[in-house]
Structure formats: structure tokens, C-alpha cells
S.K.: 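Okay, here's the structure, questions in a sec.
Keep in mind that what you see is a predicted model, and the values were worked out from it rather than measured.
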Amino acid sequence: MARHLVTSALPYINGIKHLGNMVGSMLPADVYSRYLRQRGHDVLYICATDEHGTPAELAAKAQGVPVAEFCAQAHDAQKAVYDGFELAFDYFGRSSSEQNVEITQHFARKLNENGFIEERAIRQVYSPADGRFLPDRYVEGTCPHCGYDKARGDQCENCTRVLDPTDLINPRSAISGSTDLEVRETKHLFLLQSKLQGEVEAWIDAVGDEWPQLSSSIARKWLTEGLHDRAITRDLDWGVPVPADTWPELAAEGKVFYVWFDAPIEYIGATKEWADAAPDGEVRDWKSWWYEADDVRYTEFMGKDNVPFHTVMFPATELGVREPWKMVDYVKAFNWLNYYGGKFSTSQRRGVFTHDALEILPADFWRYFMMANAPESDDTSFTWEHFAATVNKDLADTLGNFVNRVLSFSRKRFGDDVPAGKEAGEVEAKLGEEIASLLAEYEGHMETLQFRKAAASLRALWSAGNAYLEEKAPWLEIKTDKDGAALTLRTAMNLIHLYAVVSEPFIPASAKAMRGAFALEGDTATWVTAEQAKSLSTVPAGTAFTVPPVLFAKISEEDLEAYRERFGGEESA
């Protein structure tokens, strides 16, 4: 089987993320990684907190703690939330790690040796009130393109245009709020992307046609506009230091690398962290995943705002190093998940945040809803009404009710073992063919990373069981044909086990509960073959079973009212 390297865009350290961030990167990466593992592939799913840059310093300053202490606490808080969502990372690292410092400095030295880094004197915003140069994110103001009045000096959160601090209208210091700003000369390192444009274009031409249109169109748009040389150092107290053996003057001034230079390198750094964290007796070869790794298929997951950095800037860095580092094969980008038509926003605390989501409802509710409504082809909108309708119809009524009524009815009429009854007949053969066909459809969508379509196919699998149950009606059948009713229930129980196996990427906790209902010895199956789907005989007669607690409690109108009141929403507004 193939080796699959999977990464999701690194969540930034300044606070717990919202649902839009989750569905745009980490959750689909987890669903895909789980699926690949179940199909027998060798998978390494790597992520980390992105800890450098001005927002980390500002957040630490606001809390009155050292930035290193703030980042350590925030990393643990974020990891706890991701554990709650059952994100099955192989490793969740930190971009402030020694490993990332080492590899980032190595990349910078190599780029410099190859003529792709240049030291330049530039004019930069200085704040007398703060007594320091202000890196781009320390400058806020009005975007000259869209008029958004909280744009940062590196990028407008509203229109996503990349900016320089001097582009902003009515700029102010993000530290003190002072508008008494000056422009002074200082030196920084520049990555000469303009010299690498042709190589990046050739690489995109070779691999980009396979990508979703969203990913390839953004990459090609940036290339059409032309790659510009970009400063890769900042005046900050927190970051990967410029190596003194190569740039002694800048190192003495305390320059650090720009967060968007070192953050993508942390994918490699976190993989080395994973290797270095191996328990005694286990050897992990991190480099085989990244260096001369021709047998590895590398897939990245991210929101559309991160696409330029991963499809243009980081590839330019890797190409300029002139070493055989693994480059991405497939970039799965997502549009926005909005909240009642407006953007989720970490900085403005707008929308549902992941820790709050877990406080009110189980993770599987959120996992399924987000993937069934993933913003793949266009932006989608979260509303409490849509969320409740999806959960109640698909999870509670279609899947949960099927599991409960089959197991409860069988226990009531036949006891605590799977009943035997008749041999499978024509109806069961037809059902098996339908299940095998739907399973193949589901697999096809998962292979091509079409998550909304995959969720629809999964839902269709669940619905097929309900249709079979309604057709056979064992609650009536048992009155005239007890063996026939036993066959129906045995077949339905096999469907429950099948659902448990194939639903695991989307709803792992519920899948575990369904699978655990059956006392099957040696139940190590990771997937369902077409023949198993057709025969529906994995759970034989005589197998002991239990009825699990209700898998999915319905969301009531009273619940909805409480959620809208707490989080905001159209009706409460």
C-alpha cells in the first residue's frame, strides 16, 4: 500500500479556533487520514500550533505573561479541544520547537548559498510611543482596497489582499494605538521569489491540473500577477532567530524569521518532533517522509486564504533550497463556512468556537454536520436551524433510530443473541447488491476527497437499511413468519456492523459504540469488501449483543432557542 503524508494548515496560537477553521483544515484531514488507515495505507498525519508572529506577542501582552508561557498554555488548550473532536493526529507539534528552528535555519542558509536571499535596506514603520519598529501585524488601519477599518499590515482579513503596512490608510500601532508613526530605514532579508517564478510555474503545470479548481486557480492567479521578492525577517522578540553564523549583524539586532517563512517548514519540523518523541525501542525515520520521498503521496488541507502560501511561497522556498524535499502532490482547499451569512472571526469572537461546541453537544454531531456541508465548491453558512435539521434527520432519525429499533426489537422478541431464522432470500440479495454499489460510490468520493458527496453516499447507505426494514416490517412479519422476522433482524444487525466500520471516518465515537454492541471475537476488520457487503454475514447468528445508549439525541426547539440566545443568530437578532 502507498505511504500517505497528510498535513492541515497550522492553527494559529492566539486562541481557540472556530468551526470554520476546523472544517477548512483539520477535520477533513482527519476524516481522510482515518479512511486511508482503514484501507490499509501507511499514513502520517502531522499538524502543529503556529506560534510565531505578532498576534502571539500581542495576546501574551494582553494576558500579562511571557510569550513562551502563553504559547505553551495555548498549545495545550488547543490540543485538548482537538482531542475532544477525536482528531487522530500522529503528532501535533509546535512551530517554536528546537526541530523547527534547526530546519528553518538550514533552509535559510541553503537559500542564501544558492543566491535566493538578499539583504536589503528598507523603510519601515517606527513608533516613537512604543520605542520600536513595528512589524506588519503591529500596524492596523483601513484597507485601501475594500475599506475594512481593521486591516492588518500584512493582509486584510476582509478581502484577503496581501498588504504592506505603508499601504494602510490612517495607520495606528496595534500595541499602543498611537497614530504618531514614522518611517525609518532598517535592514531585512528578502526571499527572491521573482528569480524562482519560472520554476514554480513549471511545477504548478506538472501537478496543479489534478487539484480542485479553487486551489489551482488561486495559485495561477498569483503567478499571473507575478511573484515579488518578499521580506522574510521581522523585528520581534519571539520567533526563529536569524542564524548569527550567516547574518551576524541582523542576528545582533535580534531579527527573527517571518512567521510565514518558518510555519510551513514546521510540517517537516513536527515530523522530526514525532520521530524524536518515539518511545524506547521504537525507531521513527522522519526523513524518509520528506527527503527523497518519491514513494510518498503528500496531501495538504487548508482554507482558501492559506492557498497562496502553500502553493506558491513555500514551494518557491523548497525549490530554492536545491535539495530533494518532498513537495505537495494534492492541495485540498476549502471556501468559507460562514455564520448566518457573515464570517466566523477569531479576532471578533463571531460564531461558534470549538470548545463551546463540545460543551453543548458531542463531537460526532459537529463532525458529521461540517463534513456533510463542507464548503468545497462555494461558501456555506452555518445556522442553528440547518444544524438541527441535519442532525435530527440524518443522525437521529436515519442512523440512530435504525440502530435502536433493530436491537431493541430483536432483544425483546429473540433475546440477547443475534437470531438465526431463514437463509437469506431474494430481498436480501437485492439489498446486498445495493449496499455494495453504494459502498463503492462512497469509496470513490473518499478517494477523490469529495467530502459532501461522500457524506451523501454514507447517508444513502444508512437510508437503504431503513428502506429494507420498512419493506420487510419485522414487527408485522413476526406474527406470521417468526423465522422470516429473525432473518430480517439478523440482516439489519449486519448492516449496523457495516455502518460502524464505514462510518468511522465521520463519526468515530458513534461507530465505536455501534461496533461494540456485538460480542464478536477477533473483530479486527478495518473495512468492508464488496463481497462482505453483498452477503451481509459478518455478524453470525448466535452472536451476543447489547443495546447501546441512544446514539443521537434530537435537538429540540427549546435547545435551539437556548443556542441562538447564547451564540446569536438570525431569529434572536
Side-chain angles (χ1 to χ4, degrees), residues 5 7 9-10 52 95 100 103-122 136 154-155 160-164 187-211 215-234 239-240 242-243 246-247 250 255-269 290-294 296 298 300 302 304-331 333:
L5 176 65
T7 64
L10 309 186
H52 294 139
S95 68
N100 193 42
I103 298 171
T104 297
Q105 291 181 338
H106 169 79
F107 268 49
R109 291 187 187 98
K110 286 297 181 181
L111 286 164
N112 187 58
E113 289 174 13
N114 297 329
F116 295 118
I117 286 183
E118 184 175 281
E119 186 177 325
R120 294 180 181 176
I122 65 168
D136 41 22
D154 64 335
Q155 188 175 27
T160 74
R161 293 289 290 268
V162 173
L163 303 170
D164 287 317
K187 290 183 179 178
H188 281 287
L189 298 179
F190 278 72
L191 177 62
L192 305 184
Q193 294 184 139
S194 60
K195 294 176 67 173
L196 290 159
Q197 168 143 355
E199 294 179 47
V200 176
E201 286 178 333
W203 173 73
I204 291 285
D205 288 341
V207 300
D209 287 344
E210 186 185 348
W211 299 352
S215 305
S216 60
S217 63
I218 291 175
R220 289 194 166 101
K221 177 177 180 291
W222 275 64
L223 290 169
T224 298
E225 293 175 356
L227 295 190
H228 302 288
D229 301 338
R230 191 167 179 82
I232 58 169
T233 52
R234 295 292 186 270
V240 174
V242 168
T246 308
W247 295 282
L250 297 187
K255 306 285 188 185
V256 301
F257 285 109
Y258 175 39
V259 62
W260 260 112
F261 181 73
D262 82 85
I265 297 172
E266 167 58 7
Y267 297 132
I268 307 173
W290 283 102
Y291 200 84
E292 296 180 335
D294 295 335
V296 172
Y298 178 21
E300 291 179 340
M302 70 199 66
K304 60 185 176 183
D305 55 330
N306 285 328
V307 169
F309 301 103
H310 289 82
T311 62
V312 176
M313 296 179 185
F314 184 48
T317 297
E318 288 189 286
L319 289 166
V321 170
R322 299 296 192 241
E323 293 178 336
W325 294 99
K326 179 65 183 174
M327 297 179 70
V328 67
D329 294 298
Y330 193 86
V331 179

S.K.: Is there a side-chain contact (heavy atoms from CB on, under 4.5 Å) between Trp247 and Asn112 once you walk through the steps?
M.R.: CA-CA 10 Å; Trp247 295 282; Asn112 187 58; 3.5 Å; yes

S.K.: Could you check whether Arg109 pairs with Glu113 (Lys NZ or Arg NE/NH1/NH2 to Asp/Glu carboxylate O, under 4.0 Å)?
M.R.: no

S.K.: Please report the closest heavy-atom contact between Val307 and Ala219, naming both atoms and the distance.
M.R.: CG1-N, 4.5 Å

S.K.: Taking atom types as modelled and ignoring hydrogens, do the side chains of Thr160 and Asp305 form a donor-acceptor contact shorter than 3.5 angstrom?
M.R.: no

S.K.: Measuring from atom CZ of Arg230 to atom CG of Leu191, what distance do you get when rounded to the nearest 0.5 angstrom?
M.R.: 10.0 Å

S.K.: Mind listing the closest non-hydrogen atom pair of Ser215 and Val331 along with its distance?
M.R.: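 Heavy atoms only, the tightest pair is OG-O, 2.7 Å.
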
S.K.: Over 60° means perpendicular and under 30° means parallel, so tell me whether Phe107 and Trp325 are parallel, tilted or perpendicular.
M.R.: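 Tilted, since the angle between the ring planes falls between 30° and 60°.
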
S.K.: Do Glu266 and His52 meet the criterion of a side-chain donor-acceptor pair at a distance under 3.5 Å?
M.R.: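 No, no side-chain donor-acceptor pair sits under 3.5 Å.
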
S.K.: Heavy-atom distance under 4.5 Å between the side chains of Tyr330 and Glu210, does that happen here?
M.R.: yes

S.K.: With a 4.5 Å limit on heavy-atom distance, are the side chains of Phe314 and Met327 in contact?
M.R.: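 The answer is no, as the side chains (C-beta and beyond) never meet within the 4.5 Å cut-off.
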
S.K.: Please determine whether side-chain hydrogen bond (donor to acceptor under 3.5 Å, both in side chains) holds for the pair Ser194 and Asp229, giving the CA-CA distance in whole Å, both sets of side-chain angles, and the decisive distance to 0.1 Å.
M.R.: CA-CA 6 Å; Ser194 60; Asp229 301 338; 2.7 Å; yes

S.K.: Under a 3.5 Å cutoff, is there a donor and acceptor pairing between the side chains of Gln197 and Glu201?
M.R.: yes

S.K.: Before giving the answer on side-chain hydrogen bond (donor to acceptor under 3.5 Å, both in side chains), spell out for Glu323 and His106 the whole-Å C-alpha distance, their side-chain angles and the decisive distance to 0.1 Å.
M.R.: CA-CA 11 Å; Glu323 293 178 336; His106 169 79; 2.9 Å; yes

S.K.: Check whether any side-chain heavy atom of Ser216 lies under 4.5 Å from a side-chain heavy atom of Asp209, and answer yes or no.
M.R.: no

S.K.: Decide yes or no on side-chain contact (heavy atoms from CB on, under 4.5 Å) for Val256 and Val240, but give the supporting numbers first.
M.R.: CA-CA 5 Å; Val256 301; Val240 174; 5.8 Å; no

S.K.: Could you check whether any side-chain heavy atom of Leu189 comes within less than 4.5 Å of a side-chain heavy atom of Val242, counting everything from C-beta outward?
M.R.: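 SC-SC contact between Leu189 and Val242 confirmed.
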
S.K.: What I'd like to find out is whether the side chain of Val200 reaches to under 4.5 Å of the side chain of Leu319, using heavy atoms alone.
M.R.: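 The answer is yes; the side chains approach within 4.5 Å.
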
S.K.: Taking the side chain as everything from C-beta on, heavy atoms only, tell me whether Ile265 gets closer than 4.5 Å to Phe261.
M.R.: yes

S.K.: Regarding Tyr298 and Thr7, is there a side-chain donor-to-acceptor distance under 3.5 Å anywhere?
M.R.: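 Looking only at side-chain atoms, Thr7 and Tyr298 do form a donor-acceptor pair, the distance falling under 3.5 Å.
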
S.K.: What heavy-atom pair brings Leu196 and Arg322 nearest, and what distance separates the two atoms?
M.R.: CD2-NH1, 4.3 Å

S.K.: For Asp136, what residues pass the salt bridge (charged side-chain N to carboxylate O under 4.0 Å, His left out) criterion, not counting sequence neighbours?
M.R.: Arg234

S.K.: Closer than 3.5 angstrom, by distance alone: can the side chain of Lys195 be matched with the main-chain N or O of Phe116 as a donor-acceptor pair?
M.R.: no

S.K.: When rounded to the nearest 0.5 angstrom, what distance separates CD in Glu119 from OG1 in Thr246?
M.R.: 11.5 Å

S.K.: Side chains of Gln155 and Arg161: does their closest heavy-atom pair fall under 4.5 Å?
M.R.: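 A side-chain contact is absent here, since even the closest heavy-atom pair is not under 4.5 Å.
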
S.K.: Which heavy-atom pair separates Pro243 from Phe257 by the least distance, and what is that distance?
M.R.: CD-CE1, 3.7 Å

S.K.: Kindly determine whether Trp260 and Met313 satisfy side-chain contact (heavy atoms from CB on, under 4.5 Å), including the steps that lead there.
M.R.: CA-CA 9 Å; Trp260 260 112; Met313 296 179 185; 5.8 Å; no

S.K.: Looking at every non-hydrogen atom in both residues, tell me the closest pair between Leu227 and Trp222 and how far apart they are.
M.R.: CD2-O, 4.2 Å

S.K.: Does the side chain of Arg120 come within less than 4.5 Å of Lys187's, by heavy atoms?
M.R.: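 SC-SC contact between Lys187 and Arg120 ruled out.
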
S.K.: Check for a donor-acceptor pair, side chain of Asn114 on one end and backbone N or O of Lys110 on the other, with a separation under 3.5 Å.
M.R.: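 Answer holds: yes.
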
S.K.: Among residues at least two apart in sequence or on other chains, which ones pass side-chain contact (heavy atoms from CB on, under 4.5 Å) with Glu292?
M.R.: Pro324

S.K.: Could you give all pairs that pass the side chain to side chain donor-acceptor pair (under 3.5 Å) test and reach residues 310-320, with sequence neighbours left out?
M.R.: Tyr267-His310

S.K.: Go through Tyr258 and Asp154 one step at a time and tell me if the side-chain contact (heavy atoms from CB on, under 4.5 Å) criterion holds.
M.R.: CA-CA 11 Å; Tyr258 175 39; Asp154 64 335; 4.0 Å; yes

S.K.: Specify the closest pair of heavy atoms between Leu192 and Gly115, including all atoms of both residues, with the distance to one decimal.
M.R.: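 Closest approach of Leu192 to Gly115, heavy atoms only: CD1-O, 3.6 Å.
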
S.K.: Short question: side chain of Trp211, backbone of Asp329 - any donor-acceptor pair under 3.5 Å?
M.R.: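 Present.
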
